[in-house]
Asker: 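Sharing a structure, written as structure tokens. Questions coming.
Here the structure is a predicted model, which means the values were calculated and not measured.
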Amino acid sequence: MLGEPHEMTEELLVEFFARPWQLVIPPAVSWLRTEEEEERVLLARDLLPLVKPLGLRQRHGGKTVGYRLSRLADGRTTVFALPRNARPDSPIEHVGDSLLEFLHEHHTDHRDALLKQYNAPSNFGTGMVDADEVQEVAALLHHIEYLQRRVADHGMHDRHAAE
């Protein structure tokens with residue numbers, strides 16, 4: 001996913017945590033940013049942060065979504081999330097069996113919300129949703145589905161190669 005063309009990942013309705021390699025810098029370094037300190041706290045909770053979904057009205061909007069390091073060590077790519085404004089004791093919830101599954105669900109929720117607003121009788125004037133907005137999210141969904149098929153095909157190829 002992260003290896004996709006920049007123009008595609010730039011359009012996704014998520015904010016990527018962009019500096020995972022900086023997590024190895026000791027916390028005593030004074031120039032650390034708040035986001036990096038937040039990432040360290042998340043790592044201490046066994047959560048490697050990947051994305052923050054945009055759209056606070058959406059089911060997962062504003063949450064911090066990532067892998068549990070312990071699950072990655074077992075070869076699983078299940079994704080989990082902490083709520084917006086999480087505290088140290090906030091529960092970590094399961095939000096998908098893979099990042100692509102999660103992204104599909106998040107973008108589907110967003111598309112459905114846009115369609116509902118687009119079809120509403122009150123959809124006119126400032127803040128209205130137009131057909132182009134709906135089509136842009138639909139195109140993102142198609143691309144995510146394409147990536148899901150590629151991953152599934154790759155998995156099938158790996159299974160056949162092992163046989």
Side-chain angles (χ1 to χ4, degrees), residues 1-27 29-118 127 129-130 132-151:
M1 180 80 217
L2 298 177
E4 286 301 300
H6 180 68
E7 42 303 336
M8 181 52 65
T9 57
E10 185 178 77
E11 296 297 321
L12 290 173
L13 303 172
V14 296
E15 176 185 326
F16 287 92
F17 281 86
R19 298 174 307 280
W21 54 88
Q22 291 181 343
L23 296 174
V24 298
I25 299 170
V29 178
S30 62
W31 49 265
L32 288 176
R33 296 182 184 161
T34 305
E35 184 177 315
E36 290 163 350
E37 292 169 352
E38 177 186 353
E39 289 171 348
R40 276 191 222 318
V41 169
L42 295 171
L43 279 175
R45 299 270 326 263
D46 190 39
L47 186 71
L48 176 64
L50 298 172
V51 297
K52 277 195 180 187
L54 303 177
L56 296 179
R57 292 183 181 161
Q58 306 307 323
R59 173 179 13 180
H60 299 297
K63 293 180 180 180
T64 298
V65 177
Y67 295 128
R68 299 294 300 258
L69 294 172
S70 55
R71 302 281 175 106
L72 276 178
D74 291 338
R76 294 182 292 193
T77 58
T78 311
V79 287
F80 296 84
L82 277 168
R84 262 189 320 271
N85 305 318
R87 297 184 318 271
D89 61 343
S90 294
I92 297 176
E93 66 174 310
H94 172 266
V95 293
D97 290 334
S98 70
L99 181 59
L100 282 173
E101 178 186 292
F102 171 80
L103 290 172
H104 188 273
E105 179 181 287
H106 180 64
H107 286 75
T108 299
D109 288 350
H110 189 73
R111 183 212 49 211
D112 293 349
L114 284 177
L115 279 171
K116 183 177 180 181
Q117 187 176 348
Y118 178 74
V129 172
D130 62 26
D132 289 343
E133 287 179 77
V134 176
Q135 287 303 318
E136 286 172 13
V137 176
L140 287 172
L141 267 170
H142 289 317
H143 188 73
I144 293 168
E145 290 164 355
Y146 164 74
L147 291 174
Q148 287 176 310
R149 285 190 301 277
R150 277 185 47 197
V151 168

Asker: Under the rule for salt bridge (charged side-chain N to carboxylate O under 4.0 Å, His left out), what residues qualify as partners of Glu136, not counting sequence neighbours?
Answerer: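 Residues passing salt bridge (charged side-chain N to carboxylate O under 4.0 Å, His left out) with Glu136: none at all.
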
Asker: Can you pull out every salt bridge (Lys or Arg N to Asp or Glu O under 4.0 Å) where at least one residue sits in residues 108-118? Sequence neighbours excluded, please.
Answerer: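 Counting only pairs at least two positions apart or across chains, the salt bridge (Lys or Arg N to Asp or Glu O under 4.0 Å) contacts touching residues 108-118 are Arg59-Asp109.
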
Asker: Check Thr108 against Leu141 and note the closest heavy-atom contact, atom names and distance.
Answerer: OG1-CD2, 3.3 Å

Asker: Roughly how far apart are Arg68 CZ and Ile92 CD1, rounded to 0.5 Å?
Answerer: 4.0 Å

Asker: At their closest point, which heavy atom of Thr64 faces which heavy atom of Pro49, and how far apart are they?
Answerer: CG2-CB, 3.9 Å

Asker: With no hydrogens and no angle check, just 3.5 Å: does a side-chain donor-acceptor pair link His106 and Gln58?
Answerer: no

Asker: Sub-3.5 Å donor-acceptor pair from the side chain of His107 to the main-chain atoms of Leu103, do we have one?
Answerer: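 Confirmed, His107 side chain pairs with Leu103 backbone.
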
Asker: Of all the heavy-atom pairs spanning His104 and Gln148, show the shortest one and how long it is.
Answerer: CD2-OE1, 3.6 Å

Asker: Tell me, please, which residues at least two apart from Glu105 pass side-chain hydrogen bond (donor to acceptor under 3.5 Å, both in side chains).
Answerer: His60

Asker: Would a 4.5 Å heavy-atom cut-off, applied to side chains only, mark Lys52 and Val14 as touching?
Answerer: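 A side-chain contact is absent here, since even the closest heavy-atom pair is not under 4.5 Å.
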
Asker: Can you give me the closest heavy-atom contact between Val51 and Leu99, atom names plus distance?
Answerer: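 So the minimum-distance heavy-atom pair works out to CG2-CD1, 4.3 Å.
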
Asker: Do Leu50 and Val65 have side chains that approach each other closer than 4.5 Å (heavy atoms only, starting at C-beta)?
Answerer: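 Leu50 vs Val65: side chains apart.
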
Asker: With sequence neighbours left out, write down each residue that passes ring pair (Phe, Tyr, Trp, His ring centres under 6.0 Å) with Tyr67, or none if nothing qualifies.
Answerer: none

Asker: For residues 71-79, dump all side-chain donor-acceptor pairs below 3.5 Å to protein atoms at least two apart in sequence or in another chain.
Answerer:
residue, atom, partner, partner atom, Å
Asp74, OD2, Arg76, NH2, 3.3

Asker: Side-chain contact test, heavy atoms from C-beta onward, threshold under 4.5 Å: evaluate it for Glu133 versus Val137 and give yes or no.
Answerer: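 No; the side chains remain at least 4.5 Å from each other.
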
Asker: Is it true that a side-chain atom of Gln117 and a backbone atom of Gly127 form a donor plus acceptor pair closer than 3.5 Å?
Answerer: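 Checking the backbone N and O of Gly127 against the side chain of Gln117, a donor-acceptor pair under 3.5 Å is found.
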
Asker: Which heavy atom in Pro91 sits nearest to a heavy atom in Pro83, and how many Å separate them?
Answerer: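 Reported closest heavy-atom pair: O-CD, 3.7 Å.
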
Asker: Any idea how His143 and Tyr146 line up, ring-wise: parallel (<30°), tilted (30 to 60°), or perpendicular (>60°)?
Answerer: tilted

Asker: Applying ring pair (Phe, Tyr, Trp, His ring centres under 6.0 Å), name anything that partners His94, two or more places apart in sequence or on another chain.
Answerer: Phe80

Asker: What's the separation between atom OG in Ser70 and atom CG in Asp46, rounded to the nearest 0.5 Å?
Answerer: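 Answer for the OG-CG pair, Ser70 versus Asp46, is 3.5 Å.
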
